[in-house]
Trainee: 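Below you will find the structure I want to go over with you.
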Amino acid sequence: MSKEKTNFGNKLAQGFTKGVLNITVPLLNHRIVPFRWQAIGGIVTHKKLENSVLIHCENGFIEVKIITPSIWRVRAFHDTLPKYHKSWASREPDFNLKIKTVQEYGSLTIKEDKNVSSKNDLIIKVSEVDSTITFERINGDILHKDSEPISMSKRGSWIKTKKIALKKEYHVGFGEKTGKLIKNGRKMIFWNTDQTAYTVREDPLYQSEPLQISLREDGTAFGIFYDNYRYSVIKLEKTSTSKVNYYTEKGPLCYYVFAGPTLKDVSKQIGELNGKLPLPPKWVLGHHQSRWSYYPEEKVREVARNFREKEIPCDSIHLDIDYMDGFRCFTWNKERFPNPQKMVADLRDDGFKLIIMTDPGLKADPEWTIYQNCVAKDYHCKLANGNPYLGKVWPGKCIFPDFTSPAVRVWWGKLYKDYVELGIEGFWIDMAEPSIFDIRRTAPFEVQHNMDGQPESHQYAHNVYGNAFAIATREGLDVLRKNKRTFIFGRTAYSGIQRYASTWTGDNYSTWKHLQQSIPMVLSMGLSGQPFVAVDIGGFTFDCKAELLTRWYQTGIFYPFCRNHSANATKPQEPWVFGEETEKIIKKTIEFRYMLLPYLYTILWEASKDGLPMMRPLFMEFPTDKETYNEKWHNSQFMVGDKLLIAPVLTKLGKNQKAVTKKIYLPEGRWFDYWTQEYLSGGKEITREVTINQLPLFVKAGSTLPIGPIVPFVEKASEHPITLAIYPDNEIQGLAYFDDGDTKEFEEGNYNLLTIRGNDTPKKLSIDILQSGKITDLPLTNEILHLRVHTKKTPDEIKVNDNIAQKDFETENLSWKISDDMKHYTIVIKIPKFPMDIQVKYK
Ligand code: GLC
């Protein structure tokens, strides 16, 4: 084993102290936005093609293209149209639509060519005088217009566009950014950067998603995705009619407009263009325990044992870099892990999946076959003079495979073969900014990349290196694991990453500020197309404390991906390290997530189907409730799916204080307090005194929540009956999705989807459950369905498909029972048949 230093302290010692970090990164990678610009000029002529129009302007070209009726693309070029312009994010669907153009009132007007227009259709007007562009709906409602013509820098290849809104707008999205959820007034840079231990003001971080969604208080929304992976800047002015200024270091300008008209529509449109998360295996919804690093093998086994002995649910243990031999990817340190195969198998038998890490930097070790192969095949990145680029990362000097080349991706993908044969099912990919331990923190600008045959230097290709790494890993593992779903997550991203990998928010701090920051961050990433995101629970840098870890879990069990992770020089922060009291509360908290698994899996499936995030801002579900745009609420409360509202405590208890006084906003509608079953009217603020073991949680009235048993790991859940918890309101609705949780068979219709609809009146409750999908018995192992109705009303008669349920006779096929606290009753249905009609008469 080599003696490389690995701990966090040493990483800092390499010169990345906070002070140095804050100064060096901007100085070295920051670009000066040019001062001298040339406007694109007025329209000279235009040419209409089937689905696009090419406008020849005085100093360049603009192309407007319809992608779908709700997604349009605008591109602008300095010179002639480049033959090839690959997007690393979007996959334009081909709807084969037609457009028509009209020249009127000094503008070239472009719209879809169809007989019947719908009120949300877009019209694009390009001014003949200066080619400024206006996007409006057919009813004349202007979404945005250029406040200045598109311009190109007089020197260099920069291009910019400036837009102005005509109404008050809130801008959200922008991927992984620190700060509040609404970004008005912010300047943001898009340049993937390893900000080791970042502050809550740091910018940029590891990911670049130049994607803006603009919201109006009338509940409408539209979006713009500036699809350029080069260094770019978005500046949002703080005016009431907010201006958005976008600059990129190298053209062409290429942006897509998403018509909305609601935030959910925009979210789906983003999914349509940039792709969706492939449904991960179900176990990833379980609790993950990580640490930099668990070793040797006995330590890993001890962590696993602790979870099982203490009966704290856990599905996965992550192996950080120290499992490798001298940080050589795809190797094992044989002293620490003498028999990985046995370890993986034993853990698996005990319900744990191992997730292992790989990094892009390959140790420049002439004795090592993978290095030899990479060099022999000429697959590594090179400097402008053709010499290999060597950068320092964990193993010391490394070469970097050029993942932007298709051949390199195929080669890399195959390297996972041994891991797959060992039975590893989850893959953690890191450091792909790429992060380099020198003053610039990444590869020099001159490094060359293949870029799928359109070579570019690192100065421009930088932001896609991480996606290319993820593509290589995903494609390789998809081949190796055939019909099995694979979980991959990484840190670095450009838009579209969700098609290949999930991500987490990197090296945060164990502080209350970072716990608070995690909510707007996960929400922003979700809005930008990434539904399955984690934040290091407990914080990565510095030591966590009992109260912080407890509160962090109370928020973290609702992160889509729930993982405790910490840096190596910090004190351990597993759920049990702070004593019995803390352990007990955290155990209960994690158990709550496991109980919610059927609901979480249903919304994860929805995310993979239509792109909606799992964790959602209040204004996504209640866009016409103006109060949801109030930052007092949306940075600290959130929805999980469309049914649960979480208002976690994010502050420390004062000295001698037993409870935090938490002000909570319940959006319009009616709500149930999950814990007390109290029925509450929304559209107002309420207060709760929250002790350390409490977590304010509300269920939207009218919801059906599929819930399950508390189990030590996800797979065990299939051995138990399913409960549909019904929270009545005039209208009731819900979904419950089930499949084998592991293979891609669901793509062939092998799933079971229950659609629940109903209504509740003072004297009667009616519920219909329809079933779709080829699998009819999967969720109902033991063939038992529980319908739990949360009401204090007492049923007089309950009929299921015309059969009368027996009160308190659990031996019968159909029975019902009132709970001891009289707050709900449960109908127990053995061997349920669908469609199912449930009729309850009340006294
Ligand atoms: C990076 C990752 C962190 C990991 C460490 C060692 O800092 O962000 O999560 O523990 O590298 O691999």
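Note that the structure is a prediction, hence the values are computed from the model and not measured. Counting starts at 1 for both ligands and their atoms, following the listed order.
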Trainee: Distance under 4.0 Å to a non-hydrogen atom of Trp394: what atoms of ligand 1 satisfy this?
Mentor: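 With Trp394 as reference, the close atoms of ligand 1 come out as 6 (C), 11 (O).
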Trainee: Please could you name the atoms of ligand 1 that Met357 approaches to less than 4.0 Å, counting only its heavy atoms?
Mentor: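 That gives atoms 12 (O) of ligand 1.
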Trainee: Would Phe437 and Trp394 count as a ring-ring contact (aromatic ring centres under 6.0 Å, His included) if you check the C-alpha gap in whole Å, the side-chain angles of each, and the deciding distance to 0.1 Å?
Mentor: CA-CA 8 Å; Phe437 298 167; Trp394 308 116; 4.9 Å; yes
Trainee: So is there a nitrogen or oxygen of Asp536 less than 3.5 Å from a nitrogen or oxygen in ligand 1?
Mentor: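 Asp536 vs ligand 1: no N/O contact under 3.5 Å.
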Trainee: Does Lys299 come within less than 4.0 Å of Glu302, counting only side-chain N to carboxylate O?
Mentor: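 Judged by the 4.0 Å cut-off on N to carboxylate O distance, Lys299 and Glu302 do form a salt bridge.
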Trainee: What part of Phe327 sits under 4.0 Å from ligand 1 if we count only heavy atoms: the side chain, the backbone, both or neither?
Mentor: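 Neither; no heavy atom under 4.0 Å.
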Trainee: In terms of atom number and element, which parts of ligand 1 are under 4.0 angstrom from non-hydrogen atoms of Arg491?
Mentor: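 Near Arg491, meaning under 4.0 Å from one of its heavy atoms, ligand 1 has 1 (C), 2 (C), 7 (O), 8 (O).
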Trainee: Going by the angle between their ring planes, with limits at 30° and 60°, are Tyr419 and Phe427 parallel, tilted or perpendicular?
Mentor: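 Answer is tilted, since the angle falls between 30° and 60°.
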Trainee: If we only count N/O pairs under 3.5 Å, is Asp507 in contact with ligand 1?
Mentor: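 N/O-N/O distance under 3.5 Å: yes.
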Trainee: How would you list all residue pairs meeting salt bridge (Lys or Arg N to Asp or Glu O under 4.0 Å) that involve residues 515-542, not counting sequence neighbours?
Mentor: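 Counting only pairs at least two positions apart or across chains, the salt bridge (Lys or Arg N to Asp or Glu O under 4.0 Å) contacts touching residues 515-542 are Asp536-Arg563.
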Trainee: So, is His565 polar-close to ligand 1, with some N/O to N/O distance under 3.5 Å?
Mentor: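 Between His565 and ligand 1, an N or O pair is found under 3.5 Å apart.
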Trainee: I need the atoms of ligand 1 closer than 4.0 Å to a non-hydrogen atom of Trp428, numbered in the order shown.
Mentor: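 In order of number, 9 (O).
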Trainee: Under 4.0 Å from any heavy atom of Phe540, which atoms of ligand 1 are there?
Mentor: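 Matching atoms, with element in brackets: 3 (C), 9 (O), 10 (O).
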Trainee: Using distance alone, decide if ligand 1 has a nitrogen or oxygen within less than 3.5 Å of any nitrogen or oxygen in Asp320.
Mentor: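 Min N/O separation from ligand 1 is below 3.5 Å for Asp320.
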Trainee: Please check: side-chain N/O of Ser316 versus main-chain N/O of Lys353, any donor-acceptor pairing under 3.5 Å?
Mentor: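 Yes: the side chain of Ser316 pairs with the backbone of Lys353.
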Trainee: Taking only Lys NZ, Arg NE, NH1 and NH2, and the carboxylate oxygens of Asp or Glu, determine whether Glu583 and Lys310 approach each other closer than 4.0 Å.
Mentor: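 Looking at Lys310 together with Glu583, the answer is yes, because their closest N to O distance falls below 4.0 Å.
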Trainee: Should Asp430 be counted as touching ligand 1, given the test is an N or O pair under 3.5 Å?
Mentor: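 Yes, there is a polar N/O contact under 3.5 Å.
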Trainee: Between Arg328 (side chain) and Asp325 (backbone), is there a donor-acceptor pair under 3.5 Å?
Mentor: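 Yes, the answer is positive, given that a donor and an acceptor are paired below the 3.5 Å cut-off.
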Trainee: Under the rule for side chain to side chain donor-acceptor pair (under 3.5 Å), what residues qualify as partners of Asn508, not counting sequence neighbours?
Mentor: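 Checked Asn508 against side chain to side chain donor-acceptor pair (under 3.5 Å); zero matches.
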